[in-house]
Amino acid sequence: MKKIKLNKHYFKIIFKLGIILLISGISLFSFINIKKQKEYKKTFTYKLTQLGYNKNEIATIENTYQNEEINYILKQEKNNIFLNLAQEKYFIYRNFYDYLNYQKENNTENLNLIVEKVNTHTNSEYYSNSMATDTSKKELMLVNKYHYLDESYQPENLIIIPPTYAWGDYGSQQATEETYNAFLNMWTQAHEQGYYLMVNSSYRTFKEQEKIYNNYKKNYGTVYADSIAARPGYSEHQTGYTLDIFEKGYSQDNFHNSESYKWLIDNAHQYGFILRYPESKEDITGYNYESWHFRYVGKKVATYIHDNNITFDEYYTYFTE
């Protein structure tokens with residue numbers, strides 16, 4: 001009988017301990033759960049959920065933006081512009097606030113235009129916020145109305161373009177070695193197909209560009225001069241990578257109607273050339289459409305620009321800058 005009583009006594013003790021442990025476990029679980037909930041409520045995921053963003057939208061925001069930008073988003077009402085910007089092909093993280101400011105100032109919801117303008121700095125006045133271009137990038141250096149070359153800059157490897165391929169006196173037309181060799185290959189292929197390409201203008205010094213620009217400015221005014229010619233230091237011709245190409249019998253006014261022009265549009269990228277100032281891209285390039293103005297950037301870059309229908313300004317900002 002004593003043995004049985006002893007077992008019952010221990011059973012009661014064990015039972016009580018079990019109850020205590022169970023209660024303690026539940027309390028500990030509740031404590032941990034409450035702590036987790038408090039921690040969760042501090043997360044961006046929870047806060048974005050409270051603003052009405054769904055799981056996929058939250059993932060987009062958290063994978064695109066950093067803490068500062070997410071905290072900014074949390075202070076706003078739910079707005080699809082944050083989501084749509086993140087999904088723009090040429091969205092650049094560092095331009096986030098500039099995109100939003102441009103959208104507010106211009107009252108536009110065209111995100112493609114917003115990204116395009118901000119990326120290429122064309123949301124600023126031409127020739128404002130100018131900076132010296134990085135000449136170490138060579139054929140990928142950007143020279144436009146925001147990036148300039150020093151007055152003393154001259155390419156190191158200039159080669160004379162012979163009269164067979166260029167108008168003017170011998171020695172008056174020059175280009176960098178890479179540009180000349182690429183043009184020679186292109187000229188040969190075009191010639192075999194019945195086209196005769198001619199270089200009308202190539203490398204220009206700072207002083208030569210200054211003379212051209214001032215002549216336009218004197219005769220037609222600054223607005224027109226800026227639409228058709230670069231200010232000295234801001235001309236691509238000074239890089240040595242630019243060629244104005246025509247066909248015999250055609251001029252600036254009608255070259256776009258020539259068969260040679262059509263051939264160049266379809267084939268120039270295969271030799272590393274792009275049409276630098278295409279039609280309908282004036283707001284980005286800053287220049288009127290120039291069917292004759294071709295720029296050497298190398299085959300890989302030229303092909304990307306051609307296939308994606310973008311300007312060099314856009315390519316540079318997204319991939320090179």
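Note that the structure is a prediction, hence the values are computed from the model and not measured.
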Mind checking side-chain contact (heavy atoms from CB on, under 4.5 Å) for His237 and listing every partner two or more places apart, or none if nothing turns up?
Ser201, Arg204, Ser235, Thr242, Asp244, His293

Are Phe246 and Tyr250 close enough, and set up right, to give a ring pair (Phe, Tyr, Trp, His ring centres under 6.0 Å), and what steps lead you there?
CA-CA 7 Å; Phe246 291 91; Tyr250 287 86; 9.3 Å; no

Below 4.0 angstrom, N of the basic side chain to O of the carboxylate: do Lys207 and Glu151 qualify?
yes

Approximate separation, where rounding is to 0.5 Å, of Tyr180 OH and Asn185 CG
10.0 Å

Can you tell me if Asn112 and Tyr90 form a side-chain donor-acceptor pair at under 3.5 Å?
no

Could you label the plane-to-plane angle of the Tyr126 and Tyr146 rings as parallel, tilted or perpendicular, counting under 30° as parallel and over 60° as perpendicular?
tilted

Side-chain donor-acceptor contacts of residues 155-171 below 3.5 Å, not counting sequence neighbours, with atom names and distances?
{"from": "Asn157", "atom 1": "ND2", "to": "Glu178", "atom 2": "OE1", "distance (Å)": "2.7"}

At what distance, to the nearest 0.5 angstrom, does NE2 of His256 lie from OG of Ser291?
6.5 Å

Aromatic Tyr287 / basic Lys145 pairing, under 6.0 angstrom, 45° off normal:
yes

Using a distance-only test with no angle check, is there a side-chain donor-acceptor pair under 3.5 angstrom linking Thr120 and Thr122?
yes

Assess whether a salt bridge exists between Lys281 and Glu116, defined as any Lys/Arg side-chain N lying under 4.0 Å from an Asp/Glu carboxylate O.
yes

Which heavy atom of Gln238 sits nearest to which heavy atom of Tyr153, and what is that distance?
NE2-O, 3.2 Å

Can you give me the closest heavy-atom contact between Tyr213 and Asp226, atom names plus distance?
OH-OD1, 2.8 Å

Within this structure, what is the CG-CZ distance for the pair Leu51 and Phe82, rounded to the nearest 0.5 Å?
10.0 Å

Where do Ile61 and Leu83 land on the side chain to side chain contact (heavy atoms under 4.5 Å, CB included) test, with the steps shown first?
CA-CA 7 Å; Ile61 291 173; Leu83 299 166; 3.7 Å; yes

For Thr133 and Thr239: C-alpha separation, side-chain torsions, deciding distance, then whether side chain to side chain contact (heavy atoms under 4.5 Å, CB included) applies.
CA-CA 11 Å; Thr133 194; Thr239 68; over 6 Å; no

Crowding at CD, Glu192 (>12 non-hydrogen neighbours, <6.0 Å):
yes

Polar contact flag, side-chain donor to acceptor under 3.5 angstrom, Lys117-Asn106:
no

Worked check of side chain to side chain contact (heavy atoms under 4.5 Å, CB included) between Asn129 and His121:
CA-CA 9 Å; Asn129 303 317; His121 308 295; over 6 Å; no

From CA spacing to verdict: side chain to side chain contact (heavy atoms under 4.5 Å, CB included), Asn267, Gln189
CA-CA 10 Å; Asn267 297 280; Gln189 291 299 313; over 6 Å; no

Parallel, tilted or perpendicular for Phe319 and Tyr315, by the 30°/60° rule?
tilted

Roughly how far, to the nearest 0.5 Å, is the OH atom of Tyr296 from the OH atom of Tyr271?
13.0 Å

In terms of heavy-atom contacts, Tyr289 and Pro278 come closest through CD1-C, 3.6 Å

Taking every non-hydrogen atom, the tightest pair across Leu243 and Ser202:
CD2-CB, 3.7 Å

Least distance between heavy atoms, Thr45 atom then Glu62 atom
OG1-OE2, 2.9 Å

Glu88 versus Leu111, closest heavy-atom pair with distance:
OE2-CB, 3.8 Å

Parallel, tilted or perpendicular: ring planes of Tyr216 versus Tyr220, cut at 30 and 60 degrees:
tilted

Transitively linked via ILVMFWY side-chain contacts under 4.5 Å: Tyr72 with Tyr93?
yes

Answer yes or no: are there more than 12 heavy-atom neighbours, outside Lys211 itself, under 6.0 Å from its atom NZ?
no

Polar side chain donor-acceptor pair, Tyr99 to Asn119, under 3.5 angstrom
yes

Should the heavy atoms of other residues, nucleotides or ligands under 6.0 Å from NZ of Lys299 be counted, would the total exceed 12?
no

Assess, by modelled atom type and distance only, whether the side chains of Glu57 and Thr60 contain a donor and an acceptor separated by less than 3.5 Å.
no

Verify the distance criterion only: is there a donor paired with an acceptor across the side chains of Ser152 and Asp150 at less than 3.5 Å?
yes

Should Leu197 and Ile265 be counted in the same cluster of Ile, Leu, Val, Met, Phe, Trp and Tyr side chains packed under 4.5 Å apart?
yes

Nearest 0.5 Å, please: how far is CZ in Phe273 from CZ in Phe183?
7.5 Å

Ignoring hydrogens and angles, tell me if any N or O in the side chain of Gln174 forms a donor-acceptor pair with the backbone of Tyr203 under 3.5 Å.
no

Inspect the surroundings of NZ in Lys138 and state if more than 12 heavy atoms from other residues, nucleotides or ligands are less than 6.0 Å away.
no

Are any side-chain N or O atoms of Gln87 and backbone N or O atoms of Leu85, one a donor and one an acceptor, separated by less than 3.5 Å?
no

Separation of Leu140 CG from Phe312 CZ (nearest 0.5 Å)
5.0 Å

